[in-house]
Amino acid sequence: GQQLNQSPQSMFIQEGEDVSMNCTSSSIFNTWLWYKQEPGEGPVLLIALYKAGELTSNGRLTAQFGITRKDSFLNISASIPSDVGIYFCAGLRNYGQNFVFGPGTRLSVLP
Amino acid sequence: ETGVTQSPTHLIKTRGQQVTLRCSSQSGHNTVSWYQQALGQGPQFIFQYYREEENGRGNFPPRFSGLQFPNYSSELNVNALELDDSALYLCASSLAISNEQYFGPGTRLTVT
């Protein structure tokens, strides 16, 4: 079963608004990845995080590796219609293991 | 640089049949991971291949098997297909084990 939780499950926002979503677990992770998936396509890597407390940006997207190492956050500023999609977090607990994916946050942007 | 490619794009099979899905990894990547994604869910890890050897397997039965070739491309084979096997099958490649994974577009499998 899923070891990662994502919230919110879905969100509807107005174009131009900022968005915040998070990914949490009861276990410690050493790497966090954030992906975006659009209908009929594979997930696209947005941001990778490797150290607790790390804050990394990719354009209007900013992600943070939680200091407890049990969570991660993704923010999108000034949302636009093309931000629509499902955002997945993926965590890696230890080297040699495999990434675990969260259930996703579905984002809808209203014009 | 060519990204991850998968074939076929779509496939319809009958329960009990066998299917082979193919994946070409991104140039320079020696690790391939396969995932099953049911509608409305996150990807579920099936297994990973590193330099032609299986390196980790998720909670999938033995009728899910795979191969990795010397050029690091990979195949996913599923025997005795069941209706619940209907899903998007994703392949992801990475430079090495535990590195960032880059996904292909997926193969949509429908079992009737």
Side-chain angles (χ1 to χ4, degrees), chain A residues 1-10 21-25 28-51 54 56 58 63 65 72 74 85-108, chain B residues 1 3-10 21 23-26 29 31-51 53-60 66 76 87-110:
Chain A
Q2 298 281 7
Q3 296 173 256
L4 298 179
N5 301 302
Q6 288 189 247
S7 65
Q9 187 175 12
S10 63
M21 62 186 78
N22 64 51
C23 180
T24 59
S25 174
I28 289 175
F29 285 81
N30 288 307
T31 299
W32 292 100
L33 305 178
W34 282 93
Y35 289 89
K36 177 189 176 189
Q37 186 176 28
E38 297 185 32
E41 299 182 11
V44 174
L45 181 63
L46 301 173
I47 293 178
L49 302 162
Y50 300 102
K51 281 193 214 175
E54 180 181 356
T56 298
N58 177 6
F65 194 137
S72 180
L74 177 68
I86 303 176
Y87 291 79
F88 291 101
C89 64
L92 180 73
R93 293 190 62 189
N94 295 298
Y95 179 81
Q97 294 183 336
N98 298 285
F99 284 94
V100 174
F101 280 75
T105 291
R106 181 182 296 273
L107 176 65
S108 299
Chain B
E1 181 179 278
V4 179
T5 61
Q6 292 186 244
S7 63
T9 306
H10 296 89
L21 310 182
C23 171
S24 290
S25 59
Q26 189 167 316
H29 288 190
T31 303
V32 171
S33 303
W34 285 93
Y35 294 84
Q36 180 193 67
Q37 187 178 27
L39 208 57
Q41 297 184 21
Q44 296 290 317
F45 174 70
I46 302 175
F47 43 57
Q48 182 182 77
Y49 279 85
Y50 170 65
R51 293 188 175 181
E53 297 287 330
E54 185 178 291
N55 175 62
R57 186 180 183 92
N59 189 26
F60 280 83
L76 164 65
L88 181 67
Y89 287 85
L90 294 163
C91 162
S93 75
S94 52
L95 272 174
I97 297 170
S98 301
N99 280 135
E100 302 161 14
Q101 296 186 351
Y102 296 86
F103 283 86
T107 293
R108 170 72 61 188
L109 173 64
T110 301

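Letters A, B, ... mirror the listed sequences (proteins, then strands); counts begin at 1. Treat the numbers as computed from the prediction; the structure is a model and nothing was measured.
No more than 12 heavy atoms of other residues, nucleotides or ligands sit less than 6.0 Å from atom CZ of R106(A). Counting non-hydrogen atoms of other residues, nucleotides and ligands closer than 6.0 Å to CD of Q9(A) gives a total of 12 or fewer.
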(Q) Assess the residue pair Y35(B) and Y35(A) against the criterion (ring pair (Phe, Tyr, Trp, His ring centres under 6.0 Å)); give the C-alpha distance rounded to whole Å, side-chain angles, the decisive distance to 0.1 Å, and a yes or no. (A) CA-CA 14 Å; Y35(B) 294 84; Y35(A) 289 89; 8.9 Å; no
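Interface residues of residues 85-93 of chain A toward chain B, defined by a heavy-atom distance below 4.5 Å and sorted by number: F88(A), L92(A).
Taking every heavy atom of both residues into account, S98(B) and G96(A) meet most closely at OG-N, 2.8 Å. Between L45(A) and E100(B), the shortest heavy-atom distance links the atoms CD2-OE1, 3.7 Å.
When heavy atoms are compared at a cutoff of 4.5 Å, Q37(A) approaches chain B solely by way of its side chain, counted from C-beta outward. Only the side chain of L88(B) comes within contact range of chain A, with at least one heavy atom under 4.5 Å from a heavy atom of that chain. For chain B, the nearby part of N94(A) is the backbone; its heavy atoms alone come within less than 4.5 Å. Heavy atoms closer than 4.5 Å to chain A are found in both the backbone and the side chain of Q101(B).
In this structure, the side chain to side chain donor-acceptor pair (under 3.5 Å) partners of T56(A), at least two apart in sequence or on a different chain, are E54(A).
Ring centroids of F99(A) and F103(B) are separated by 6.0 Å or more, keeping the two rings apart.
The CG atom of N98(A) sits 6.5 Å away from atom CG of N55(B), with the distance rounded to the nearest 0.5 Å.
Between chain B and the options A48(A), G42(A), P43(A), G40(A), heavy-atom pairs under 4.5 Å are most frequent for P43(A).
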